[in-house]
Amino acid sequence: MEGGMGAGGVGGEQELSADNVRGIVLALISSGFIGGSFIIKKKGLRRAAAASGIGAGVGGHSYLLEPLWWVGMITMIVGEIANFIAYAFAPAVLVTPLGALSIIVSAVLAHFILNEKLHALGILGCVMCITGSMVIVIHAPQEQEITSVKEIWKLATQPSFLLYVATVIVMVSVLMFHFSPLWGHSNVLIYTAICSLMGSLSVMSVKALGTSLKLTFEGTNQLVYPETWFFVLVVATCVLTQLNYLNKALDTFNTAIVSPIYYVMFTTLTILASIIMFKDWSGQSLGSITSEICGLIVVLSGTILLHVTKDYEKIPQSRSIYAPLSPSLTTRLTGELLDHIEDTRTDEEKVLRRQEMF
């Protein structure tokens with residue numbers, strides 16, 4: 001199990017393993033599909049609103065009868081499946097930051113197809129995301145060689161990760177039952193912290209489940225082990241909790257505030273959890289680790305820049321005019337940081353922006 005970890009760990013740059021290459025390709029495909037799906041769904045919303053005269057932002061659901069909207073939804077699902085599989089091949093410290101590339105795809109396509117201008121700072125944000133992602137890819141750790149879900153279970157039950165899990169459970173419980181009733185509607189960090197903490201555990205479980213399914217398809221059935229089904233239960237529990245509180249955050253606070261905070265916290269905690277559980281940095285040189293951290297910071301900064309430069313609809317504190325949305329497969333970053341820009345978007349675009357957050 002240690003053979004896959006040490007390869008290339010002494011030098012500053014490491015040769016990518018075949019599994020890492022597969023994970024990178026799948027993550028890039030995922031970003032392309034998810035980024036493109038936002039544009040397709042928006043065009044579907046516009047077409048449905050034009051045909052029915054009732055926008056989704058005022059309670060209309062005619063977009064459910066619009067084929068183009070469903071093409072966008074199916075495209076997003078394909079992207080999420082690719083992202084799920086990517087975790088089975090590559091470490092989370094590599095796959096998770098690459099998810100920011102979906103924002104670049106969306107921004108570039110919106111510039112050419114929807115005439116939503118990408119300004120100079122937005123272009124700089126795209127360049128930063130690409131540059132940071134390349135740095136992470138070059139210095140990414142090698143994936144461990146895992147032959148059974150029981151090996152993953154051993155990693156999940158090691159004292160250091162159990163301490164992390166216990167810390168997350170305690171923090172989430174305190175936030176949910178003490179801080180949330182008192183300050184949940186006035187402090188954005190409470191809901192986003194719950195989402196991010198639970199999200200880090202959900203990604204670890206998704207990676208474990210994806211690896212189990214990968215081994216099963218390769219001929220070593222992992223479905224006979226109770227550990228596999230335990231990870232399924234953890235995924236369901238964490239994702240439902242995560243989506244519930246993300247919905248609360250979006251209904252309570254400005255999307256422009258929720259989005260970057262959630263993305264930064266979720267990405268950081270997910271990478272931390274992966275480092276603890278899968279020992280991603282074990283055997284790596286200090287230079288490689290430093291480069292990965294710098295690459296991550298550049299990606300996060302570029303993502304924030306992209307959203308700073310987008311026009312943002314000013315959503316009032318009361319959200320009663322918006323019908324609750326059913327959580328779908330994705331929890332992508334699609335908000336912006338500024339809330340003082342004049343609202344120039346249609347009701348359909350506002351609803352799509354909320355759908356993209358899920």
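Sequence positions, counted from 1, serve as the residue numbers for this chain.
The shortest non-hydrogen separation linking S31 to L98 is OG-O, 3.1 Å. C195 approaches Y245 most closely through the heavy-atom pair SG-C, 3.4 Å. Taking each heavy atom of L305 and M128 in turn, the nearest pair found is CD1-SD, 3.6 Å. Closest approach of T167 to L163, counting heavy atoms only: OG1-O, 2.7 Å. Between L64 and W69 the shortest heavy-atom distance is CD2-CZ3, 4.0 Å. Taking both residues in full, the closest heavy atoms of G23 and A86 are given as O-CB, 3.6 Å, listed atom of the first, atom of the second, then distance.
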Quiz item: Between N83 and E80, does a side-chain contact (heavy atoms from CB on, under 4.5 Å) hold up when you go through it step by step?
Solution: CA-CA 5 Å; N83 191 58; E80 287 298 334; 4.3 Å; yes

Quiz prompt | side-chain contact (heavy atoms from CB on, under 4.5 Å) assessment of E151 paired with L155 | solution = CA-CA 6 Å; E151 293 180 10; L155 294 172; 5.9 Å; no

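A single hydrophobic cluster is not seen to contain both M73 and L65; linkage of ILVMFWY side chains at heavy-atom distances under 4.5 Å, directly or through other members, places them apart. One hydrophobic cluster holds both I104 and V25 under the rule that ILVMFWY side chains link at heavy-atom gaps under 4.5 Å. The hydrophobic cluster containing V170 also contains Y191, counting ILVMFWY residues as joined when their side-chain heavy atoms lie under 4.5 angstrom apart, directly or transitively. Grouping the Ile, Leu, Val, Met, Phe, Trp and Tyr side chains by contacts below 4.5 angstrom, directly or via other members, places L233 apart from F231. Hydrophobic clustering (side-chain heavy atoms under 4.5 Å, transitive across Ile, Leu, Val, Met, Phe, Trp, Tyr) groups F112 together with I103.
The side-chain heavy atoms of V264 and I304, taken from C-beta on, include a pair separated by under 4.5 Å. Here the side chains of M204 and F278 are in contact, with some heavy-atom distance below 4.5 Å. Residues I293 and I297 form a side-chain contact, since some pair of their non-hydrogen atoms from C-beta on lies under 4.5 Å apart. Taking 4.5 Å as the limit, every side-chain heavy atom of I194 sits out of range of all side-chain heavy atoms of L246. Between Y87 and V203 there is a side-chain heavy-atom pair separated by less than 4.5 Å. Put simply, the side chain of F266 does not reach to within 4.5 Å of the side chain of T192, judged on heavy atoms. Side-chain contact between N20 and P91: present, with at least one pair of heavy atoms (C-beta onward) separated by less than 4.5 Å. Between M277 and K207 there is no side-chain heavy-atom pair separated by less than 4.5 Å.
Residues that satisfy the ring pair (Phe, Tyr, Trp, His ring centres under 6.0 Å) test with W183, not counting sequence neighbours, are F179. For F217, there are no ring pair (Phe, Tyr, Trp, His ring centres under 6.0 Å) partners two or more places apart in sequence or in a different chain.
Residue-environment remark: OH (Y164) exceeds the threshold of 12 foreign heavy atoms within 6.0 Å.
Distance alone, capped at 3.5 Å, places no donor-acceptor pair between the T270 side chain and the T267 backbone. A donor-acceptor pair under 3.5 Å is absent between the side-chain atoms of S30 and the main chain of L26, judged by distance alone. In terms of modelled atom types and a separation under 3.5 Å, the side chain of S274 and the main chain of I271 share no donor-acceptor contact. Using a distance-only test at 3.5 Å, with no hydrogens or angles considered, no donor-acceptor pair links the side chain of H139 to the main chain of S291. The main-chain N or O of A208 is found under 3.5 Å from a side-chain atom of S212 such that the two form a donor-acceptor pair. Panel note: side chain S196, backbone A193; no donor-acceptor pair is recorded below 3.5 Å.
Annotation: the span from S173 atom OG to M171 atom CE amounts to 11.0 Å, rounded to 0.5 Å. Of the inter-residue distances, the one linking D19 atom CG with I146 atom CD1 reads 10.0 Å to the nearest 0.5 angstrom. Here CG of L213 is found 9.5 Å from CD1 of I85. Values are rounded to the nearest 0.5 Å. With rounding to the nearest 0.5 Å, the separation of NZ in K214 from OG1 in T220 is 11.0 Å. F38 CZ to L109 CG: the interatomic distance, rounded to the nearest 0.5 Å, is 11.0 Å. Taking NE2 of H111 as the reference point, atom NE2 of H119 lies at 9.5 Å (rounded to 0.5 Å).
Screening I152, V239, V234 against S205 for a side chain to side chain contact (heavy atoms under 4.5 Å, CB included) leaves a single residue, V234.
Through direct or indirect side-chain contacts shorter than 4.5 Å among Ile, Leu, Val, Met, Phe, Trp and Tyr, V71 is connected to I40, L68.
Looking only at atom types and distance, the side chain of T228 has no donor-acceptor partner in the side chain of Q222 under 3.5 Å away.
Relative ring orientation between F230 and W153 is described as perpendicular, the plane-to-plane angle rising above 60° on a 0-90° scale split at 30° and 60°.
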